Structure formats: structure tokens, C-alpha cells
Amino acid sequence: EAGVAQSPRYKIIEKRQSVAFWCNPISGHATLYWYQQILGQGPKLLIQFQNNGVVDDSQLPKDRFSAERLKGVDSTLKIQPAKLEDSAVYLCASSLAGERRRTQYFGPGTRLTVL
Amino acid sequence: AQSVTQLGSHVSVSEGALVLLRCNYSSSVPPYLFWYVQYPNQGLQLLLKYTSAATLVKGINGFEAEFKKSETSFHLTKPSAHMSDAAEYFCAVESSLNTGFQKLVFGTGTRLL
């Protein structure tokens, strides 16, 4: 079974530029998550989708971050414009459903460096 | 709100020695707790999870954790460390959204050397 796929693996941009990350979850997984992991910290949930609907985006900085999952499968996370403090690893995860106790499966992440 | 605290950002052990990684939780409801491992340049992988079925939970790679309600703890142990165990370990507690869906809140991690 293929795991969660993410691309690109690494990205370096200058501040005020735009960047987009792509995630393809495990086949059949209805729930998709985007996390931000700053160096030295644990992952922080940015947004959670159930199929193509948003379940939780309370910690997404909506003035610069956006995410979509148009067909309920793969997803894109965008930052526009990027700030220095956005340097982090962006992790995508998926699960069969978002109900309690479900295991989340993580992709390898995209490491973003903002100069 | 639910939260977890991991004591010690770095833990060093010798090969063959006991591994003990500490996690304390705060939750107003019976918690569901998870341990994840992250190897360099990789995503997180589930080691084990506590979902109230048994207080001693066995996971992959010889790891286990014991849920102690009286101490609000969920420490991760392994009897004998191996070089391949060097990684970062994250404790997480499940926080339920008003929608009924799951949200994981992670600790800051412990790097096992």
C-alpha cells in the first residue's frame, strides 16, 4: 500500500514570495491533515479536511495561508506571501476517517526555508 | 483543553540500556494518547496508542507504554536500546473537536541519542 505522498521535499524561497505544497493521501482515506512543524517543536495542526470539506482551520493564518481539497483526494497548501517565520516542515497526514482513535499516517514532509 | 508535556528535550542511552521517555498529559476527559517516532528527514510513524482498552500498551519495535491515571502519565519504555532507535519521539493527546472529529495535540518531542 502506497503511503502519503508529498512534493516537493525541499523548497527555498525569499520572503514575500509565494509557494505551494502538494499532498496525495493514502487511497480511501477520507480525512486529510496539514501540520506545521517548526524546528524544535511538535507538529501543529493547520487545517483538517473531511472529504472536500473543512473540519477545522482554527490555527490556519488565513491572511496568508490557504488550502484546498477540491475533489476530496489530493490537496494543496499555499502560502502567499511568505514570511521568515514560515520556515518549517509542512507535514501532510491522512486517516480513514476523523473519528476518535483513528491512526493518522504521515507523509515525509516538505521542508520550507524562507530567506 | 488537552495538552501533553514531554520532560527532557534530549535523552542519551547506551546500546542495550533501558529507554525511558516521559510524557505527562492534561485532560478534562478520559484521554486517548499516542506515541509517534520521527526518523531524520521522514514523517511521523505511529509507535503505539492508548484507547482505554488496557493500561499497558505494546507497540512496534519493542516499545511499550503504561497509562497511569493517578500520575497523569504515559511514559514510553524499551528494555534494551538499539542504535536504530535513535530518532525523535513525540507524545500526543487527542482533542475532540465540537464536530466530533479528532485533533491531535503534540508535545515538543524528545530526541533519543
Side-chain angles (χ1 to χ4, degrees), chain A residues 2-10 21 23-26 29-51 53-60 88-112, chain B residues 1-10 21 23-25 27 29-54 57 59-60 67 87-111:
Chain A
V4 177
Q6 290 188 248
S7 68
R9 291 295 312 276
Y10 305 91
F21 313 126
C23 172
N24 191 33
I26 293 172
H29 281 195
T31 309
L32 185 147
Y33 314 79
W34 281 104
Y35 289 87
Q36 181 192 56
Q37 185 179 16
I38 292 173
L39 187 65
Q41 299 181 19
K44 181 185 80 171
L45 180 69
L46 291 176
I47 188 167
Q48 178 180 347
F49 292 94
Q50 176 73 5
N51 296 311
V54 175
V55 171
D56 179 23
D57 63 357
S58 58
Q59 297 195 85
L60 187 74
V89 176
Y90 291 85
L91 295 164
C92 179
S94 69
S95 66
L96 276 171
E99 294 91 4
R100 304 199 73 191
R101 298 172 291 175
R102 292 289 189 182
T103 297
Q104 295 184 25
Y105 296 85
F106 285 79
T110 296
R111 183 178 297 276
L112 173 67
Chain B
Q2 286 85 351
S3 65
V4 291
T5 301
Q6 291 185 244
L7 300 176
S9 58
H10 293 81
L21 304 181
C23 174
N24 288 90
Y25 69 89
S27 177
V29 298
Y32 293 142
L33 296 159
F34 302 76
W35 274 101
Y36 279 85
V37 60
Q38 186 175 34
Y39 297 102
N41 298 316
Q42 296 186 26
L44 280 71
Q45 179 184 6
L46 180 69
L47 273 178
L48 49 81
K49 61 181 176 181
Y50 168 74
T51 57
S52 75
V57 182
I60 62 172
F67 173 74
E88 186 136 25
Y89 293 79
F90 292 94
C91 181
V93 63
E94 186 184 89
S95 175
S96 290
L97 304 173
N98 291 334
T99 55
F101 287 102
Q102 173 205 66
K103 173 179 178 176
L104 288 182
V105 177
F106 286 87
T108 52
T110 297
R111 185 169 298 276

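We name chains A, B, ... by the order of the sequence lines, and we start the count at 1 in each one. As the structure is a computational prediction, the values presented were derived from the model and not from experiment.
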Strictly distance-based, threshold 3.5 Å: is any side-chain N or O of B/Tyr36 a donor or acceptor partner for the main-chain N or O of A/Gln104?
yes
What pair of heavy atoms forms the shortest contact from B/Trp35 to B/Leu46, and how long is it?
O-CD1, 3.7 Å
I'd like to verify something: which residue of A/Lys44, A/Arg9, A/Arg111, A/Gln37 has the highest number of heavy-atom pairs under 4.5 Å with chain B?
A/Gln37
Tell me which of these, A/Ala93, A/Gly109, A/Pro43, has more heavy-atom pairs under 4.5 Å with chain B than the rest.
A/Pro43
Let's go through B/Glu94 and B/Phe34 carefully: what are the C-alpha distance in whole Å and the side-chain angles of both, what is the deciding distance for side chain to side chain contact (heavy atoms under 4.5 Å, CB included) to 0.1 Å, and is it a yes or a no?
CA-CA 8 Å; B/Glu94 186 184 89; B/Phe34 302 76; 4.0 Å; yes
So, A/Thr31 and A/Gln50: side-chain donor and acceptor under 3.5 Å apart, yes or no?
yes
Using heavy-atom distances under 4.5 Å, tell me whether A/Gln6 contacts chain B through its side chain, its backbone, both, or neither.
neither
Tell me, for B/Gln38 versus chain A, whether the close heavy atoms (under 4.5 Å) come from the side chain, the backbone, both or neither.
side chain
